[in-house]
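Here's the structure we're looking at; comments come further down.
What you see below is based on every heavy atom in this structure, not just the backbone, and it leaves out hydrogens, waters and symmetry mates. If you're wondering where the values come from, they're calculated on a predicted model, not measured in any experiment. Each residue takes its place number in the sequence, starting with 1.
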Amino acid sequence: MTDLTPIIVGVGEASERIDAPDYKALSPVELAAAAARAALDDALSVAAIAPHLDLVAGIPQFEISGEHAVAPFGRADNFPRAVANRIGADPARAILEPVGGQGPQHLVNEFAQAIAKGETGMALFFGSEAISTVRHLMSQGEKRDWSETVGGQMEFRGYGLEGLVTMELAGHGARTPIQLYALFENARRAKTGLSREAYALEMGKLFAPFTEVAHTNPHAMSQEVFDAEGLATVTPKNRIVADPFPRRMVARDQANQGAAVLMTSVAKARELGIPESKWVYLHGGADVAERTPIERQDLAAYPAAALASRAALERAGLTAADIDIFDLYSCFPIAVTNVRDDLGIAANDPRPLTVTGGLPFFGGAGNNYSMHAIASMIRALRAKPGAYGFVGANGGFLSKYSVGVYSTKAAPWKPFESKGLQADINAWPKPAMADKPAGGQVVTYTIDYGRETPHGVLVCNTAAGERFVAMADGDIVQQMISAEPLGATVAVSQDERGRNVVTALTPRA
């Protein structure tokens, strides 16, 4: 361990529920600032730490996550500095990270390297969402003015949306996370050979323990405990939103939450008098980007995440068997099961897979969920000195994965980079795409129930093994609802826009 060894020394969270007696309807900046204050107080105090911050980095809210995104109540022109102003900090550098749930862990990985090189002295990362408040106030006909002109330097890193989804899927009706993840999930169901009902119960068994963790988390947006059947059974309160997902199986975007993480070097921590009981070390990390969904050979798999997970563990000199506590990003079940299975963790392994309660129950705080995961992980590891924690942060459509391996156990800093991993991923072969197919066999599908009438999206292979995407409506969708679509044979034709439309579906015998 050297003076420049990077460590996490402070974490903080803030949250509020619209039905709470002390509800204040905080803006995203105010929530992030509350979490930032908590992180600085966790290390020492706001007064002692704020003057020493030379870098702040913010995670963008959903309402500022695209060129055409709309913030109903306005926004700060410089989110990172708006938060810094509220804690009395004036850092030399401010950053707005790209969109994606991998962002918090990516920032830790990036600036651990910068601290170890002496390029950064003390860095604060934060993010927030106030989606629940925005929707609540709008439903009441109330307005707020959250616009703020801050100015000053800010490194805007772009939206990071390039290559997430292509027109093959978007043009046929698969544009949103729930639609894309449903395609991945049903591709996995095809591999398992399970029926719809049996697979729903397996998803319920995965997430039932998450509800128990959320039940004890004061920042969780839902603290209701469910068993597997309660999560899997479709009811008016647990309606099907996109096959195979009932409402309780998907990330909860109705959240008012903020989280922050404070990093520095061993030397700086000693200079400021931050107790060693607060120090947590990053033992390994990795950051990768997957191919666009349509370019992946296996829509049920997430090999890029597996590659990153193994690389981070190897850098730490560990295996998955050595990890005591996990937080695997849990926007949908497939995001957990892919990484769990790739790490060789059995479904009945007693080790927890979440430290927060997971996105469907704790809350899917936009791009910032994993900041909460890191904060919770740091507290859990401080309470269990010498234990190892693994945070897996996912962004996009199983598109970007950042990993961190943590412990209070001191270790020499081992630099890492992921360029070699990314080069391997970029070299993976792509499936051949069919041009004007006449038909094929269904590899995966989803039925989107979010419209006035259900809409089907199918990914199929021709007899020659070429892939194509198709869409279905009307009687074909009703047939998909009543009979098993996986493995079915379909006939397709092209509409006036060149989209593949299913004209006949014959279930597998």
Worksheet item: To the nearest 0.5 Å, how far apart are CD in Glu16 and OH in Tyr23?
Response: 5.5 Å
Worksheet item: So, Phe361 versus Phe226, ring centres under 6.0 angstrom or not?
Response: no
Response to the item:
On a heavy-atom basis, the closest approach of Thr192 and Tyr199 is OG1-CD1, 3.9 Å
Worksheet item: For the side chain of Ser132 and the backbone of Ala255, is there at least one donor-acceptor N/O pair under 3.5 Å apart?
Response: no
Discussion item. With no hydrogens and no angle check, just 3.5 Å: does a side-chain donor-acceptor pair link Asp327 and Thr354?
Written reply: yes
Worksheet item: Under 3.5 Å, is there a donor-acceptor pair linking the side chains of Asp448 and Gln179?
Response: yes
Item to complete: Output yes when Asp298 and Lys191 qualify as a salt bridge under the 4.0 Å nitrogen-oxygen rule, no when they do not.
Response: yes
Discussion item. Just so I know, are the side chains of Ile325 and Val355 near enough to count as touching, which here means a heavy-atom distance under 4.5 Å?
Written reply: yes
Practice prompt. State whether the number of non-hydrogen atoms from other residues, nucleotides or ligands found under 6.0 Å of His215 atom NE2 is greater than 12.
Written response: no
Discussion item. Please find the pair of heavy atoms, one from Gln102 and one from Gly395, that lie closest to each other, and give the distance.
Written reply: OE1-CA, 3.2 Å
Practice prompt. Examine the side chains of Asp475 and Gln479 and answer whether a donor and an acceptor come within less than 3.5 Å of each other.
Written response: no
Worksheet item: Is a donor on one side and an acceptor on the other found under 3.5 Å between the side chain of Glu13 and the backbone of Gly258?
Response: no
Discussion item. Tell me if the centroids of the rings in Tyr329 and Phe332 come within less than 6.0 Å of each other.
Written reply: no
Practice prompt. For Thr462, check side chain to side chain contact (heavy atoms under 4.5 Å, CB included) against everything at least two apart and list the hits.
Written response: Ala434, Pro437, Ala464, Glu466, Phe468
Discussion item. Just verifying a value: how many Å separate Ile476 CD1 and Leu505 CG, rounded to the nearest 0.5 Å?
Written reply: 6.0 Å
Fill in: Minimum heavy-atom distance between Pro333 and Phe245, given as atom pair plus value
CD-CE2, 3.7 Å
Fill in: Test: Asp19 and Arg17 ion pair at under 4.0 Å
no
Worksheet, complete the sentence: To the nearest 0.5 Å, atom CG of Leu164 lies from atom OG1 of Thr292 at 9.5 Å
Worksheet item: Just wondering, are more than 12 heavy atoms of other shown residues or ligands nearer than 6.0 Å to CZ in Arg135?
Response: yes
Worksheet item: Does the Glu290 side chain pair with the main chain of Ala304, one donor and one acceptor, at a distance under 3.5 Å?
Response: yes
Worksheet, complete the sentence: Rounding to 0.5 Å, atoms CZ (Arg188) and CG (Leu194) come to a distance of 8.5 Å
Worksheet entry | Exam field: side chain Arg247 to backbone Asn238, donor-acceptor pair closer than 3.5 Å | no
Worksheet item: Quick one: are Thr176 and Leu180 in side-chain contact, heavy atoms under 4.5 Å?
Response: no
Worksheet item: Among side-chain atoms of Ser222 and Glu224, is any donor-acceptor pair under 3.5 angstrom?
Response: no
Item to complete: Walk me through it: do Thr444 and Asn186 pass the test side chain to side chain donor-acceptor pair (under 3.5 Å)?
Response: CA-CA 6 Å; Thr444 189; Asn186 274 324; 5.0 Å; no
Worksheet item: For Met138, does the CE atom have more than 12 heavy-atom neighbours from other residues, nucleotides or ligands under 6.0 Å away?
Response: no
Worksheet entry | CD (Gln140) with more than 12 external heavy atoms under 6.0 Å | yes
Fill in: Thr503 side chain vs Ala491 backbone, donor-acceptor pair below 3.5 Å
yes
Worksheet item: What closest approach, in Å, do Phe390 and Ser309 show between heavy atoms, and which atom pair accounts for it?
Response: CZ-OG, 3.6 Å
Worksheet item: Hey, would you say the Tyr302 and Tyr401 ring centroids sit under 6.0 Å apart?
Response: yes
Worksheet item: About how many Å separate CD1 of Ile64 and CZ of Arg75, when rounded to the nearest 0.5 Å?
Response: 4.5 Å
Worksheet item: Regarding Ser65 and Asn367, is there a side-chain donor-to-acceptor distance under 3.5 Å anywhere?
Response: yes
Worksheet item: Where the side chain of Ser418 meets the backbone of Asp287, is there a donor-acceptor pair that is under 3.5 Å apart?
Response: yes
Worksheet entry | Tyr369 and Asn394 side chains, donor-acceptor separation under 3.5 Å | no
Discussion item. Can you see whether Gln113 engages Asn109 through a side-chain donor-acceptor pair at a distance of less than 3.5 angstrom?
Written reply: no
Worksheet item: Is the Tyr388 to Phe326 ring centre distance short of 6.0 Å?
Response: no
Practice prompt. Any chance you could measure Asp342, atom CG, to Leu307, atom CG, to the nearest 0.5 Å?
Written response: 10.0 Å
Worksheet item: Any donor and acceptor pair, going by atom type alone, linking the side chain of Tyr445 with main-chain N or O of Ala187 inside 3.5 Å?
Response: no
Worksheet entry | Worked verdict on Asp495 versus Arg497 for salt bridge (Lys or Arg N to Asp or Glu O under 4.0 Å) | CA-CA 5 Å; Asp495 67 7; Arg497 294 170 55 185; 5.7 Å; no
Worksheet item: Counting distance only, does the side-chain N/O of Ser370 pair as donor-acceptor with the main-chain N or O of Ala373 below 3.5 Å?
Response: no
Worksheet item: So, for Gly456 and Val477, which heavy atoms are closest and what is the spacing to 0.1 Å?
Response: N-CG2, 3.6 Å
Worksheet item: Below 4.5 Å, heavy atoms only, C-beta onward: do Trp146 and Leu26 meet side chain to side chain?
Response: no
Fill in: Close side-chain approach of Tyr159 to Pro98, heavy-atom, < 4.5 Å
no
Worksheet item: Counting N and O atoms only, with roles assigned by atom type, does the side chain of Asn368 sit under 3.5 Å from a partner on the main chain of Met371, one being a donor and the other an acceptor?
Response: no
Worksheet entry | Pair Arg189 + Asp243: basic N to acidic O under 4.0 Å | no
Discussion item. Check this for me: Glu314, atom CD, are more than 12 non-hydrogen atoms of other residues, nucleotides or ligands nearer than 6.0 Å?
Written reply: no
Discussion item. Could you check whether any side-chain N or O of Asn338 sits under 3.5 Å from a backbone N or O of Ala335, counting only pairs where one atom can act as donor and the other as acceptor?
Written reply: no
Worksheet item: Among Gln257, Glu63, Gln61, Gln254, which residue meets the side chain to side chain contact (heavy atoms under 4.5 Å, CB included) test with Glu129?
Response: Gln61
Worksheet item: So, Phe362 versus His219, ring centres under 6.0 angstrom or not?
Response: no
Worksheet, complete the sentence: Looking only at heavy atoms, the pair that brings Gly204 and Leu231 closest together is O-CD1, 3.6 Å
